[in-house]
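One structure is given here, and the rest of the page talks about it.
Quick caveat, the model's predicted, so the values are computed rather than measured. Every number for a ligand or one of its atoms is a count from 1 in the order of the listing.
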Amino acid sequence: MPITFDQEQKLFHLQTNNFSYYFIINEIGMLQHVYFGSPLEEIHLETLLNLGMDWSKTYFSSTEQKEKIYEGNLYTTHSLFEVPTFGYADKRISPIIMETSIDHKCDFRYVSHRIYQGKPSLKGQPHFKDSKNEASSLEVTLRDLTKNVTLILTYSIFENSGVLLRNTTLINNTNQSIFLKKVSSVTLDLPKKELILTHFPGGWSFERMVRQDELSEGIKRIVSNSGRSSHEHNPFFFLSEKTSDENQGDVYAFSHVYSGSFEAEFEVNQWGQTRVNLGINEEEFSFELKPNDIFDFPEGLLAYSSRGFGHLSRQLHDIIRDHLIKIPSMELKEKIILNSWEGCYLDFNTEKILSYIDQAKLIGTELFVLDDGWFINRNDDSNGLGDWIIDEAKIDLKKIINHCHDLNMKFGIWFEPEMINPRSNLYGEHPEYSVGNLNIDRALSRHQFPLDMTNPQVVDTIFAKMTAILDHYDIDYVKWDHNRSIDCAYSSYLKERNGEFYHRMVLGYYRLAELLTKRYPHILFQGCASGGGRFDLGSLFYFPEIWTSDETDPIQRLFIQYGTSYMYPLISVGAHVSKNAITSYATKGMIALFGTYGFEFDPNTLNEKDRSELNEINEIFHNYHQKVIAEGDFYRLSSPFTSNHFAIASISKDKSLGLVLFVNLLKEPREYRFLKIEGLDQNKRYYNSFDKQIYSGDYYHKIGLNFTRWFNEFEAILVILKEVK
Ligand code: DGJ
């Protein structure tokens with residue numbers, strides 16, 4: 001069992017092939033963090049935990065009424081903790097805050113623990129799964145010092161992974177209400193400072209840019225408060241040493257399995273320590289727990305690699321593919337899609353769509369997706385959301401689906417389930433289903449309000465409307481959109497419990513997603529939120545792919561897809577070739593290939609040359625995509641954020657095949673330069689489609705391909721590598 005407990009030292013050790021994680025139960029029952037890093041067998045607690053400041057070990061004993069000193073290694077102000085206190089001597093930012101009429105303190109002490117095979121699942125919330133019972137878990141039960149409030153903390157690990165999952169449950173065993181004010185799914189104290197924080201800010205059409213800042217004394221706080229994980233910041237972060245890079249050095253990752261507003265805090269204190277908290281945004285959060293109520297925190301994720309960012313990303317990709325996302329069938333997942341949105345927006349009719357389908361067939365489309373605009377009153381975006389009734393005057397859905405099937409194509413459709421236009425029948429009947437106080441002016445965005453997903457009746461109503469379509473038409477794919485952030489937060493349903501609004505909105509989203517994905521296990525769902533505004537682990541649990549960004553300009557996409565790759569596997573990265581004129585269709589195709597691949601334009605506008613370029617990429621897609629990109633290992637070779645070159649590689653798990661994409665940014669003169677390729681088997685030999693030579697994996701890694709030549713703006717080279725026996 002990779003989790004052990006040393007009774008004498010009261011020391012827990014969670015060990016995988018990639019890390020050791022140690023903590024102790026100290027003399028007063030607090031959980032003290034000891035070590036998180038490279039696998040380590042030997043621990044000397046006396047020296048490791050000695051912070052040398054004895055004044056911080058003194059306390060006044062309430063029973064003996066005199067000053068005493070802790071015998072062990074507890075420094076009340078600055079030891080490293082697993083569950084830091086609130087309101088005691090540790091003045092760093094606290095991960096959990098609750099208010100009660102007894103006191104406002106949080107100080108959880110050990111009660112019991114158990115180690116078991118398997119991993120807990122979370123009811124009603126997304127989580128990593130362990131269907132083959134491969135994980136090991138440690139569950140520690142703690143109780144608050146002054147109140148009968150129980151905290152159950154579970155750590156789960158997979159032997160071959162660098163990822164540690166953390167579940168937290170809080171139970172109110174008092175006889176009065178308590179109010180949760182802050183809940184962090186991840187908290188970690190590191191005995192280090194001057195770490196580099198890598199984070200992923202952005203906005204609509206430029207999601208997940210890569211930024212690196214050195215942490216210094218004080219608190220850095222990164223939040224989303226828009227009711228979704230957001231375009232502005234993504235809920236995943238890395239901390240690394242200054243010297244760490246793609247291929248070497250200590251790197252830690254943090255995230256949570258959640259789609260709502262979040263906050264991440266990084267505090268560096270005077271003692272050269274760094275604390276990280278990550279959880280639900282505490283702004284406008286006040287969650288009431290009545291006696292015996294239970295609160296499950298969103299699942300937290302911590303990860304570590306001593307082998308740099310690239311290795312850590314591959315660890316994350318593997319666990320997300322193996323234990324988080326559900327794919328209805330690989331056959332469906334690997335179909336070439338054409339989505340109607342950028343081709344015609346809302347302006348279409350049956351004839352136009354039939355012509356799209358015919359033309360789409362010529363470029364190998366296997367699944368046609370009808371985006372926004374098929375339901376009543378939807379000729380512009382100010383109408384219709386919430387009704388979900390087919391506009392039969394505009395579109396003959398049966399005919400379109402039959403036409404797809406005649407051409408051996410699957411059919412998919414768009415919904416925006418969590419939204420309502422004030423100009424809709426549903427709003428006329430139930431204005432209170434929309435978010436906000438109906439008696440005051442409310443901000444609109446894209447002419448729509450969010451639906452009040454905290455209200456189960458709303459979820460049931462939308463579910464019924466969607467099943468009325470999905471039950472009666474042969475639909476294999478659903479694009480699930482969400483086109484505005486949440487503001488004017490108020491639920492007529494929650495009334496005095498509106499402090500729970502934001503979190504319950506997320507739970508309502510999860511409930512609807514669960515109802516639909518369970519009812520239609522054969523349907524492939526694509527998540528979307530004005531592009532990539534809800535690209536997070538929570539959404540990925542229900543939707544195995546997410547529309548990465550509304551920006552389909554291929555060069556901008558290089559940056560967006562590069563940032564996204566730090567956490568999310570390419571199989572989940574929605575990427576389509578669009579009309580954007582900046583590069584050839586071949587280049588656009590190569591870039592989309594390193595995502596889900598597909599098209600998003602009016603196929604009637606293509607000429608012979610465009611079609612033939614796309615058909616060439618299609619061939620590569622069919623021959624290599626699943627094995628090399630969808631299921632393979634991903635390597636970042638050169639960053640467009642720090643150089644003039646974008647270069648990435650994907651290598652099949654058995655290391656027999658590889659695809660490398662190089663894109664030059666600004667025009668560059670001839671220079672003696674080589675592109676080194678990571679991830680191949682050093683001892684195997686590979687033919688490459690660039691200079692058509694055969695070299696060993698070792699040579700590709702140490703010398704690489706000779707790229708000494710002029711490069712034009714946005715020139716792209718796709719190299720195929722094949723093992724030669
Ligand atoms: C925003 C999405 O990101 C687009 O792809 C498209 O589906 C539109 N919404 C439709 O309104």
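Interface atoms of ligand 1 facing Trp547, defined by a heavy-atom separation under 4.0 Å, are 3 (O), 5 (O). With ligand atoms numbered from 1 in the order given, ligand 1 contributes 3 (O) to contacts under 4.0 Å with heavy atoms of Gly531. Each of the atoms 4 (C), 5 (O), 6 (C), 8 (C), 10 (C), 11 (O) of ligand 1 lies under 4.0 Å from some heavy atom of Trp341. Using a 4.0 Å cut-off to heavy atoms of Ser530, the atoms of ligand 1 that qualify are 1 (C), 3 (O).
Considering backbone and side-chain N/O atoms, Arg378 never comes within less than 3.5 Å of an N/O atom of ligand 1. Not a single N or O atom of Cys528, backbone or side chain, sits closer than 3.5 Å to an N or O atom of ligand 1. Residue Arg446 has at least one nitrogen or oxygen atom sitting less than 3.5 Å from a nitrogen or oxygen atom of ligand 1, judged on distance alone.
When hydrogens are left out, the protein atom nearest atom 3 (O) of ligand 1 is Asp550 OD1, 2.4 Å; that is the closest non-hydrogen contact. The shortest contact between atom 9 (N) of ligand 1 and any protein heavy atom is with Asp481 OD2, 2.7 Å. In terms of protein heavy atoms, atom 7 (O) of ligand 1 is closest to Asp371 OD1, 2.7 Å. The single protein non-hydrogen atom nearest to atom 5 (O) of ligand 1 is Lys479 NZ, 2.7 Å, given as residue, atom name and distance.
Counted by atom type alone, Glu416 and Asn483 present one or more donor-acceptor pairs between their side chains at under 3.5 Å. Between the side chains of Asn379 and Lys394, at least one donor N or O sits under 3.5 Å from an acceptor N or O. Under the 3.5 Å distance criterion, with hydrogens and angles disregarded, no donor-acceptor pair is assigned to the side chains of Asn225 and Ser261.
Contacts between Asn483 and ligand 1 below 4.0 angstrom, taking non-hydrogen atoms only, involve the side chain exclusively. Here Glu342 has no heavy atoms under 4.0 Å from ligand 1, in either its backbone or its side chain.
Salt bridge Glu600/Lys588: absent, no basic N to carboxylate O contact under 4.0 Å. Between Asp471 and Arg519 a salt bridge is recorded (basic side-chain N to carboxylate O distance below 4.0 Å). Between Lys479 and Asp371 there is a salt bridge, with a side-chain nitrogen of the basic residue lying less than 4.0 Å from a carboxylate oxygen of the acidic one.
Ring pair Phe375/Trp414 is parallel by interplanar angle, where below 30° counts as parallel and above 60° as perpendicular.
Few gaps surround NZ on Lys361; more than 12 heavy atoms of other groups in view lie less than 6.0 Å from it.
Between Ile357 and Met409 there is a side-chain heavy-atom pair separated by less than 4.5 Å.
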